[in-house]
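Okay, so here's the structure we're looking at.
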Amino acid sequence: LARQPYGVRQPIANMIGGLSAAARKLRDGLYNEALGGTTVVAESNGPVPNAEKRLEVALAARSLEIGLFWQRALFFWGFIAAAFVAYAAAPEKSQLLFLLISGFGVVCSFSWTLANRGSKYWQENWEQKVEAAEDAVTGPLFKKQEARQNKGWFGGRRFSVSRLAIGVSDYVFLVWLVLFTVQSVKAVAAFDAHTMRAWCLLALCALPPLYLTLLLTQAGSSKRRLP
């Protein structure tokens, strides 16, 4: 693909409009249409066919994935915050309710931390595609990092915002895990095989760990096979 002079490239507004259109098509699952109906070819060391379109789609998909990252965070935070409020407002002697809420909090917070890692994976996946396609269009733009400007305490630092969010989700999961463990120990210590309530408490103790195992083993995205 011949490199065009920078003076004849399309304006920024047109590029943004193109990215928005590509992002909408990607959101609707129209990957081939976002690429203009062309066939995606594997990356190689030589010139990449349709490099500008590939770069446009990769940038749009990366931006879309970053936006979905924070939308998913708000989605899970709604459930987790509601669980915290319910746990704090539950009667002191309602062990069944404490166990039910803490188990729900464990499952929600664990799902949140897995969703954060899944979003981070796909964000990095599209960033790699951007870096592979940009050489033929703009040169090394994303892959080249500029030197940090030293502006003291209030200056910028090389922290990953998405990794910080993953760290917060892990911490919230640990908090809920401690609460659930405390309630489970109390339920097991007071177990009485002659009462139905004791068996209900035991079932509530076993259900979250089983469900977390199911999420770990079955919730991974399927691998795509190349033709």
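Hydrogens, waters and symmetry mates are skipped; everything else that's a heavy atom, side chains included, is used. We number each residue from 1, following the sequence as shown. Quick caveat: nothing in here was measured; it's all calculated off a predicted structure.
In terms of heavy atoms, F98 sits closest to P91 at CE1-O, 3.0 Å. Across all non-hydrogen atoms, the minimal contact from C108 to F76 is O-CD2, 3.8 Å. Annotation for V168 and W112: closest pair CG1-CH2, 4.2 Å, computed over non-hydrogen atoms. The minimum heavy-atom distance between S109 and I80, with the atom names listed, is CA-CD1, 3.8 Å.
Between W70 and L74, the closest side-chain pair of non-hydrogen atoms is not below 4.5 Å.
Between the SG atom of C200 and the CG atom of L100 there is a distance of 11.0 Å, given to the nearest 0.5 Å. Taking CD of Q183 as the reference point, atom CG of L204 lies at 11.0 Å (rounded to 0.5 Å). To the nearest 0.5 Å, the span separating CG on L164 from CZ on F159 amounts to 7.5 Å. Atom CD of Q123 and atom CG of L64 lie 11.5 Å apart (nearest 0.5 Å).
Taking a 6.0 Å sphere around NZ of K120, one finds it holds more than 12 heavy atoms contributed by other residues, nucleotides or ligands.
Taking the ring centroids of W176 and F84, they lie under the 6.0 Å cut-off.
One hydrophobic cluster holds both V106 and L97 under the rule that ILVMFWY side chains link at heavy-atom gaps under 4.5 Å. Taken together through direct or relayed side-chain contacts under 4.5 Å among Ile, Leu, Val, Met, Phe, Trp and Tyr, I101 and W77 form part of one hydrophobic cluster. One hydrophobic cluster, built from ILVMFWY side chains closer than 4.5 Å, holds both F104 and Y171. At a threshold of 4.5 Å between side-chain heavy atoms, the hydrophobic network of Ile, Leu, Val, Met, Phe, Trp and Tyr places I166 and L177 in two separate groups. No continuous path of ILVMFWY side-chain contacts below 4.5 Å connects V182 to V107, so the two sit in separate hydrophobic clusters.
The pair R72-E65 counts as a salt bridge, with a side-chain nitrogen and a carboxylate oxygen less than 4.0 angstrom apart. Using a 4.0 Å cut-off between charged side-chain N and carboxylate O, D170 and R117 make a salt bridge.
Taking the six-membered ring where the residue is Trp, F110 and F173 present tilted rings, their angle falling between 30° and 60°.
Residues satisfying the side chain to side chain donor-acceptor pair (under 3.5 Å) criterion with S102, sequence neighbours excluded, are absent altogether. Annotation: side-chain contact (heavy atoms from CB on, under 4.5 Å) contacts of V188 (sequence neighbours excluded): none.
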Worksheet item: Going through the checks in order, is the side chain to side chain contact (heavy atoms under 4.5 Å, CB included) test met by F180 and L99?
Response: CA-CA 6 Å; F180 175 74; L99 196 56; 3.9 Å; yes
Distance-only criterion, 3.5 Å: show the donor-acceptor pairs between side-chain atoms of residues 205-217 and protein atoms not counting sequence neighbours.
residue	atom	partner	partner atom	Å
T213	OG1	P209	O	2.9
T217	OG1	T213	O	2.9
T217	OG1	L214	O	3.3

